[in-house]
Each structure stands twice: as structure tokens, then as C-alpha cells.
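What follows is a single structure, and I will ask about it in a moment.
Reminder, nothing fancy here: chain letters follow the sequence lines and each chain counts from 1. Computed from a predicted model, the values in this text were never measured in an experiment.
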2 protein chains.
Amino acid sequence: MHTLEEAPGPLTPQEILDRAAALHASLGLATVYRNLNTLEASGAVVSVHLPNEARRYEVAGRGHHHHFRCDLCEAVYELDASCPVAVLEGVTLPGGYEVRGHALTLYGVCPVCRAGARA
Amino acid sequence: MHTLEEAPGPLTPQEILDRAAALHASLGLATVYRNLNTLEASGAVVSVHLPNEARRYEVAGRGHHHHFRCDLCEAVYELDASCPVAVLEGVTLPGGYEVRGHALTLYGVCPVCRAGARA
DNA sequence: ACCTTACTGAGAACGAGTTATCATTCTCAA
DNA sequence: TTGAGAATGATAACTCGTTCTCAGTAAGGT
């Protein structure tokens, strides 16, 4: 399942099916789920979950990063940009909230849609 | 539905039902959903969606804030702390990602659980 | 070739969350 | 009190993502 490796960001099982269909027509959704579960158990892929979105999967071992979701085409990308939230890791906020982790998703317009809108 | 106003953070419809049951026994889940949809349409409440969580609702007009989810008791709180992601608003990241909004959720241990663990 | 085994694909089944249905109840003015 | 209209509660039904079932197929061994 190296379809995942080529993607610019995490994919839903349905998106994986659609993309993989180009290489391997008549692929079943069940097989996608089966392989995802197997790969996730072996640690080869990890699942990510964004607000208002179905679960997505991406290949593991890409380090700390966050995701960007395009408001127009609804695609999700991985971001390598520095994380402004890292400063909060391990600190205890006023009120007694002890921060141990965080999830950040940025929203906006992706390069593809910006180019399309400009044309 | 001022049950929402008393809560320290957004509630799921089921939580609303449970809390409201104390005041108004024999309240139906259907009524909760109906009122939530009505209130959301009128702008009195907004829905928030956290990763790996069911949809939650909170009263509108509380300004920019984020949420904190306790790893232990799974409760969700509102945070008033300053937002370290605001600096990214409106900027275009390397790669051409134009940021227009963001969602940040912090994870950790809430004051209640910290107190409980200490005891 | 033959058998065994594992994997696959299609669709049914499932579960959680949400919405629709409908008879009942409430509100309130007359 | 009565009647019209709106709101309610219990439950069925629906949606959507995910998992299960099972017959069919490919791969490997002998």
C-alpha cells in the first residue's frame, strides 16, 4: 500500500480506494480496511483524526507535524512548518491544566486552489 | 437550555441529556437534538468537534478560545489562555498554504484529576 | 495437476450518532 | 372548559464509517 507514501497528506480509506483503483482496479474497500488495520498494528501507518472529518491514515515515522485542510477542495496536507504550540508542552496552564500533548489543524486555501482561483 | 451555560466546556447531546435530567426528568434525546439544532440555527450555540470525539455544543459568543481534554476523565474544558497560533492567522506558509483559521486542542490532565491523583 | 492455505472482493451486517415519525401533552387565548 | 397549534418523548429509521461473512481466486508445496 504505497499509495499512502505518495500522498501529500493523510487519506481516508475511501480516498485510498479511489487512488489505488488507478493501479489496481476492482480493489475492495474491505481490503483497504483490512490492510490498514494490519499496517497500523505493525506500526507502519498511523491514523489521524481531524475535526469534522472521517478518520485518515498516513505513513508512520514522519515526526511532529500538523495538518492543513483546504476550505475549498477539502484536501488535507501535511505541514512541516514549525510548531507554535510546542512551547506549551509540559507546562501547567493557569487553572491547573497540565498540558501533555496537542492537536493543531490549520484551515485555509491550499496551493492548488490558490493557483486555480488566480487563473 | 441553560444547562450549557453552566458547563465548563462543550457538552455532547448525551451529556446535556444527562445533566438536564436532574432538572427536567423524562427529557427526551430527540428534544435535545431538536433544540440544539434550533439554537444553532439562531446562533445561540455553536457546535465544536474535537478529534476522536462526538460532536459537542457550547454557547456562542465566548470569543476566541480553545479546548482542553483530560486524558484521564475525558472531560473537555474551555481555555482562556492566550493562543500561540494566532500569529499564523492570515499568513501564507512556505509551500503556499494560506492560513485562514485553526483548531487547537490540548491534551493532558485536568485540575480535578490532578487533585485526585495527588490525594 | 492436485491440494492446502491465505488473501481478495462484494455485499450484508453492525454500531454510534442523528433525524423522522407520530401520538400525546402542554400552552394559552377565547 | 374548549380547541388550535406548538412542543414533547419514545421509538423506529436512517446515515455513514467500519467490520464481518463467505464464496471465489491466486500462490505455494508436493
Worksheet item: Does some side-chain heavy atom of A:Leu106 sit less than 4.5 Å from a side-chain heavy atom of B:Leu93?
Response: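 Touching, per the 4.5 Å side-chain cut-off.
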Practice prompt. Would you tell me if any nitrogen or oxygen in the side chain of A:Thr31 comes within less than 4.0 Å of OP1 or OP2 on C:dT8?
Written response: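 No, no such contact exists.
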Item to complete: Would you kindly give the CD-to-P distance between A:Glu15 and D:dT18, to the nearest whole Å?
Response: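 One finds 12 Å between P of D:dT18 and CD of A:Glu15, rounded.
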Discussion item. Nearest whole Å is fine: how far is C:dT8 C1' from A:His24 NE2?
Written reply: 8 Å
Worksheet, complete the sentence: Taken to the nearest 0.5 Å, the spacing of B:Arg69 CZ from B:Leu79 CG works out to 14.0 Å
Discussion item. The side chain of B:Asn35 is closest to which nucleotide in this list: D:dG9, D:dT8, C:dG17?
Written reply: D:dT8
Worksheet item: Over how many whole Å does the gap from A:Gln14 atom CD to D:dC16 atom C1' extend?
Response: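 Going from A:Gln14 (CD) to D:dC16 (C1'), I get 11 Å.
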Discussion item. Under a plain distance cut-off of 3.5 Å, with no hydrogens placed, do A:His67 and A:Glu53 share a side-chain donor-acceptor pair?
Written reply: no
Worksheet item: Over how many whole Å does the gap from B:Leu39 atom CG to D:dA7 atom C1' extend?
Response: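 Nearest whole value for this atom pair: 14 Å.
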Worksheet item: Are any non-hydrogen side-chain atoms of A:Ser47 and A:Tyr57 less than 4.5 angstrom apart?
Response: yes
Item to complete: Round to the nearest Å and state the distance from A:Leu17 atom CG to D:dT18 atom P.
Response: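 So the two atoms are 13 Å apart, to the nearest Å.
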Worksheet item: Measuring from A:His49:NE2 to B:Leu50:CG, what's the distance to the nearest 0.5 Å?
Response: 10.0 Å
Using a cutoff of under 3.5 Å, can you pull out all pairs of nitrogen or oxygen atoms linking the protein to nucleotides 23-25 of chain D, with atom names and distances?
none

Practice prompt. Find the distance B:Leu50:CG to C:dG17:C1' and express it as a whole number of Å.
Written response: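 For the pair B:Leu50 CG and C:dG17 C1', the rounded distance is 16 Å.
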Just the table, please: protein N/O against nucleotides 19-25 of chain C N/O, every pair under 3.5 Å.
| residue | atom | partner | partner atom | Å |
| --- | --- | --- | --- | --- |
| C:dT19 | OP2 | B:Asn37 | ND2 | 3.3 |

Fill in: Beyond-backbone contact of B:Val112 with B:Cys73, side-chain heavy atoms, under 4.5 angstrom
no
Practice prompt. State which residues pass ring pair (Phe, Tyr, Trp, His ring centres under 6.0 Å) with A:His64; sequence neighbours excluded, sorted by chain then number.
Written response: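 Result, ring pair (Phe, Tyr, Trp, His ring centres under 6.0 Å) vs A:His64: A:His66, A:His102.
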Worksheet item: Do B:Leu36 and B:Ile16 touch side chain to side chain, with heavy atoms closer than 4.5 Å?
Response: yes
Worksheet item: Are more than 12 heavy atoms from other residues, nucleotides or ligands located less than 6.0 Å from atom CG of A:Asp71?
Response: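 More than 12 within 6.0 Å, yes.
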Worksheet item: When we call it a touch if two heavy atoms are under 4.0 Å apart, what does B:Ser26 touch: a base, just sugar-phosphate, or nothing?
Response: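 Sugar-phosphate contact only - B:Ser26 comes under 4.0 Å of backbone atoms but never of a base.
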Fill in: Interatomic distance, B:Leu36 CG vs C:dT18 C1' [rounded to whole Å]
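That distance rounds to 11 Å.
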Practice prompt. For B:Ile16 and D:dG9, give me the distance from atom CD1 to atom P, rounded to whole Å.
Written response: 14 Å
